[in-house]
Amino acid sequence: MGNRFLVTTAIPDPGLKLLSDAGQVTVLPEPPDYPTLAGLCSSGDFDVVLTQLRDVIDAPLLARAQLRGVSNYAVGYNNIDVAAAARCGIQVGNTPGVLTDATADVAMLLILGTARRVVESDNLVRTGQFRGWEPELLLGRDVSGAVLGLAGFGRIARATARRALGFGMDVLFAPRPPGDRPVGEEELGEFAGKIRQAGWDELVERSDFLSLHVPLVEETRHLVDAHVLHRMKPGAILINTARGPIVNEADLVDALREGVIAGAGLDVFEDEPRLASGLAALPNTVLLPHVGSATVAVRREMARLCALNAVAMAEGRTLPHPVNLPAWS
Ligand code: GLV
Ligand code: GLV
């Protein structure tokens, strides 16, 4: 009997082609709810499931699952209990690397978009309120010379630093907030002498733009809450292209409303696709629907990696991008 793949949501070419070359593919007609997904995973009808961020793969589901692996169509995998998967001998794979530049582009877009009030500006033109050049129409903030604080120092943070330096920003980073770890010259690499490591407290207090590039784990859940927001500069802008729950979104709405900070550019939300009450009404925000990796080329590459991971799982080979290697060694 060949390999059997369950695809919870159709992925772009060449993903489905790679899967169908390697076995039998079932694509669900609509995203499954939790009981449906749990039932399918424990049915014994599938070897590998290809999941999306909205598919919750938790410990109870994994304990009953009859699967070799879970291949996530994302670099982040906070939707999967990786430790529980390891205990059950179920492999997990992700799609790192290919979406780094695209996501850093969106971080930069949000920095520029919030600084220069792009949503308000676009809206003014579209609604026929543009009456010609005015000395004080929609004045924003300068990006060049501003301090960009990067929370995290992974691939996407570095790619954002590269862009920010091109825009003349002064770049600080805290590698593992709220904790710390030393970053040596060698790890700094191309950034030696160009950007500077800071503690989390200094990053919070000095940043004109504070941009989040950490994974969602217990230590980073609500990393940015009312306490942190109140320590930021009143003119500061929060940028989040990582994961919504890293920010306490209700606290953020209060802070934006009360002028505790000046603005926010968000590509992710705490309870996607829902927004915290009042967020959508705030003019000092740029809100995007989780499109960090959404280019045609990147989504194709993600689909390819996701399918290659899945085929390797089904065939019992080493995955190109394993998340929990010990699970099956
Ligand atoms: C998207 O958020 C991803 O993790 O790939
Ligand atoms: C995750 O891919 C990161 O680059 O930080």
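One-based numbering, in listed order, for ligands and for the atoms of each.
Within a 6.0 Å sphere centred on CZ of R231, heavy atoms belonging to other residues, nucleotides or ligands number more than 12.
Put simply, the side chain of N324 never gets that close to the backbone of Q91: no donor and acceptor are under 3.5 Å apart.
Within the structure, ring pair (Phe, Tyr, Trp, His ring centres under 6.0 Å) contacts touching residues 169-200 (residues at least two apart or in different chains) are F153-F173.
Of the candidates R4, Q24, Q66, R4 is the only one forming a side-chain hydrogen bond (donor to acceptor under 3.5 Å, both in side chains) with D47.
By the salt bridge (charged side-chain N to carboxylate O under 4.0 Å, His left out) test, D21 is found to be paired with K17, residues two or more places apart in sequence or in another chain being considered. For the side chain to side chain donor-acceptor pair (under 3.5 Å) test, no residue two or more places apart in sequence or in another chain qualifies with S71.
Residues with a heavy atom under 4.0 Å from ligand 1: L53, A74, V75, G76, L99, R243, H290.
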